[in-house]
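One structure below.
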There are 2 protein chains.
Amino acid sequence: MTGGYLKGRIRREDIITTAVAVYAEAGYHGSSLREIARRVGITHAGLLYYFPTKESLLAAVLERRDAEDTERERLAVPPGREALAHLVALAEHNVRHPGIVDVYARLAAEAVAADHPAHDYFERHYRMAREYATASFRVLAARGELRAGVDPEHAGLNLVALMDGLQVQWLSDGTAVDLVGALRFYLQDLLTVPLD
Amino acid sequence: MTGGYLKGRIRREDIITTAVAVYAEAGYHGSSLREIARRVGITHAGLLYYFPTKESLLAAVLERRDAEDTERERLAVPPGREALAHLVALAEHNVRHPGIVDVYARLAAEAVAADHPAHDYFERHYRMAREYATASFRVLAARGELRAGVDPEHAGLNLVALMDGLQVQWLSDGTAVDLVGALRFYLQDLLTVPLD
DNA sequence: CCTACCGATCGGTAGG
DNA sequence: CCTACCGATCGGTAGG
């Protein structure tokens with residue numbers, strides 16, 4: 001009777017995917033379980049059968065993102081020039097999928113509040129992103145591929161901040177902001193060798 | 001009988017100041033007129049006597065910010081090296097007043113949604129900020145004070161994005177992020193003369 | 001500015 | 001998974 005389990009797993013994934021879309025439109029606090037459930041085609045009480053609280057659904061959304069990110073980035077490419085090039089590729093991917101960008105830009109801003117249920121997640125997320133970026137610049141510096149005077153720590157922090165900030169402006173007005181071009185310019189300007 | 005008008009004006013300002021604080025904690029959609037009114041010491045119906053809708057209060061908050069910014073920045077310093085140095089000073093000021101940073105980081109993220117009441121405000125705000133930054137880099141370039149190969153347009157967009165992104169990380173975890181140092185590093189690295 | 005109220009919506013629970 | 005419900009809260013209005 002694994003059929004029952006399979007159906008439940010598919011339904012759970014369906015709910016998470018729908019939640020991502022609704023969070024993108026309304027933020028976490030602005031989203032309702034009833035709206036998410038309606039799009040899935042069940043009642044909000046039915047949704048609570050799968051996720052017992054609103055917060056537990058948010059946790060599941062963030063866990064999925066972590067799983068995807070870990071698979072795509074951290075394990076796939078060690079810190080270095082290639083990792084930075086991959087980051088540009090990720091930005092290109094995101095530009096073609098605005099929904100993904102939207103959710104995390106909104107959640108990150110909501111979660112600066114210390115009592116937000118996703119606060120710890122984003123604090124950890126940012127710390128790891130900074131360390132990964134900084135490590136990449138250190139590798140470049142050791143190979144003499146980093147322009148003289150560039151501090152890996154500052155460059156790493158600024159890279160993560162830049163990606164976030166570009167996303168907000170690009171979401172606000174996509175026609176006025178060349179997200180990928182600006183990111184590529186920032187990175188190439190720091191290197192003494194071609195980025196890719 | 002201007003006393004009545006004066007009292008009303010003071011009360012209005014009081015409501016706006018309180019709204020800024022509540023928006024910082026809960027965002028715009030997460031804030032309630034009742035909570036803002038409670039802190040002011042009136043009922044939510046009383047608040048609606050001064051601001052007939054929730055949205056009209058948000059508009060008043062943004063208008064005040066515009067007035068402050070215009071006075072402090074646009075008119076005071078023409079685009080150029082000094083304008084960039086002033087931007088660092090503004091960041092130093094903001095770091096000492098986290099509440100201000102908090103509201104606008106939250107609102108900007110909420111307002112990427114096209115139907116958000118502050119959407120147009122932020123679209124305009126970002127466009128003007130980009131133009132001001134870009135103009136500053138153009139002035140530097142004309143004087144030979146911009147490092148070779150630096151595109152003023154990219155540098156301007158990236159400066160605005162960087163400030164936004166740094167603010168979110170700094171709000172998330174103030175102990176781990178040197179906002180002013182990172183901003184100063186970014187700017188100094190683009191110039192061939194001392195920033196200040 | 002207040003009291004008193006409206007319809008709508010929220011997250012969550014009981015019981016099946 | 002659903003029906004039916006709970007207490008709480010929301011923005012806004014009437015009438016003073």
Side-chain angles (χ1 to χ4, degrees), chain A residues 1-23 25-62 106-107 110-111 113 115-118, chain B residues 1-23 25-62 106-107 110-111 113 115-118:
Chain A
M1 292 290 270
T2 59
Y5 289 127
L6 176 64
K7 211 174 99 184
R9 222 164 54 228
I10 289 173
R11 182 49 51 104
R12 282 179 62 92
E13 292 305 313
D14 192 15
I15 293 170
I16 294 173
T17 301
T18 306
V20 169
V22 176
Y23 291 172
E25 290 174 26
Y28 170 69
H29 284 308
S31 298
S32 72
L33 297 178
R34 280 170 171 84
E35 174 60 19
I36 296 166
R38 194 192 57 76
R39 297 199 197 182
V40 171
I42 59 177
T43 66
H44 92 283
L47 191 157
L48 287 164
Y49 167 77
Y50 290 99
F51 299 96
T53 65
K54 189 185 185 186
E55 210 167 298
S56 70
L57 176 54
L58 174 61
V61 166
L62 298 177
R106 294 205 50 143
L107 284 181
E110 267 190 275
D115 62 348
H116 192 284
Chain B
M1 291 295 267
T2 59
Y5 288 126
L6 176 64
K7 211 174 98 183
R9 222 162 54 229
I10 290 174
R11 181 50 50 104
R12 281 180 62 92
E13 291 305 312
D14 192 15
I15 293 171
I16 293 173
T17 302
T18 306
V20 169
V22 176
Y23 291 172
E25 291 174 25
Y28 169 70
H29 284 308
S31 298
S32 73
L33 297 178
R34 280 170 171 85
E35 173 61 19
I36 296 167
R38 194 192 57 74
R39 298 199 197 182
V40 171
I42 59 177
T43 65
H44 91 285
L47 190 158
L48 287 165
Y49 167 77
Y50 290 100
F51 299 96
T53 64
K54 189 185 185 187
E55 210 167 298
S56 69
L57 177 54
L58 173 62
V61 166
L62 297 177
R106 294 205 49 143
L107 284 182
E110 266 190 275
D115 62 347
H116 192 283

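These numbers were taken from a predicted model, which means no experiment stands behind them. Naming: A, B, ... by sequence-line order, numbering from 1 per chain.
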Q. When the distance from NE2 of His44(A) to P of dA4(D) is rounded to whole Å, what number comes out?
A. 14 Å

Q: Sort out the partner of dT9(C) for me: Watson-Crick or G-U wobble, both distances under 3.5 Å, none otherwise.
A: dA8(D)

Q: Can you tell me the pairing partner of dG16(D) across any strand shown, Watson-Crick or G-U wobble, with both distances under 3.5 angstrom?
A: dC1(C)

(Q) Between Arg106(A) and Tyr28(A), is there a side-chain heavy-atom distance shorter than 4.5 Å? (A) no

(Q) Tell me the interatomic distance from Leu33(A), atom CG, to dT13(C), atom P, rounded to whole angstroms. (A) 11 Å

Q: Determine, stepwise, if the pair Phe51(B) / Leu33(B) fulfils side chain to side chain contact (heavy atoms under 4.5 Å, CB included).
A: CA-CA 10 Å; Phe51(B) 299 96; Leu33(B) 297 178; over 6 Å; no

Q.
Under 4.0 Å, heavy atoms only, any strand: does Ile42(B) hit a base, just the sugar-phosphate, or nothing?
A. sugar-phosphate

Q | Upstream residue (5' side of DNA chain C) when Pro52(A) and Glu35(A) are each assigned their closest nucleotide | A | Glu35(A)

**Q.** Residue Ala45(B), side-chain heavy atoms: nucleotide from dC10(D), dT13(D), dG12(C) that is nearest
**A.** dT13(D)

Q: Look at all strands and tell whether Ser56(B) reaches a base, only sugar-phosphate, or nothing, counting heavy atoms closer than 4.0 Å.
A: nothing

**Q.** Nearest-angstrom distance from the residue atom CZ of Phe51(A) to P of dG12(C)
**A.** 13 Å

(Q) With a 4.5 Å cut-off on side-chain heavy atoms, are Tyr23(B) and Ile36(B) touching? (A) yes

Q | Interatomic distance, Leu47(B) CG vs dC2(C) C1' [rounded to whole Å] | A | 13 Å

Q. Are any of the side-chain heavy atoms of Glu13(B) and Ile10(B) separated by less than 4.5 Å?
A. no

Q) Tell me: OH of Tyr49(B) to C1' of dA4(C), nearest whole Å? A) 20 Å

Q) When you measure from the side chain of Glu110(B) to the backbone N and O of Gly27(B), does any donor-acceptor pair fall under 3.5 Å? A) no

Q) What does Thr43(A) touch in the nucleic acid at a heavy-atom separation under 4.0 angstrom: a base, only the sugar-phosphate, or nothing? A) base

Q. Quick one: is Ser32(A) getting a side-chain N or O under 4.0 Å of the dT9(C) phosphate, OP1 or OP2?
A. no

Q | Whole-Å gap separating C1' (dT3(C)) and CZ (Arg34(B)) | A | 12 Å

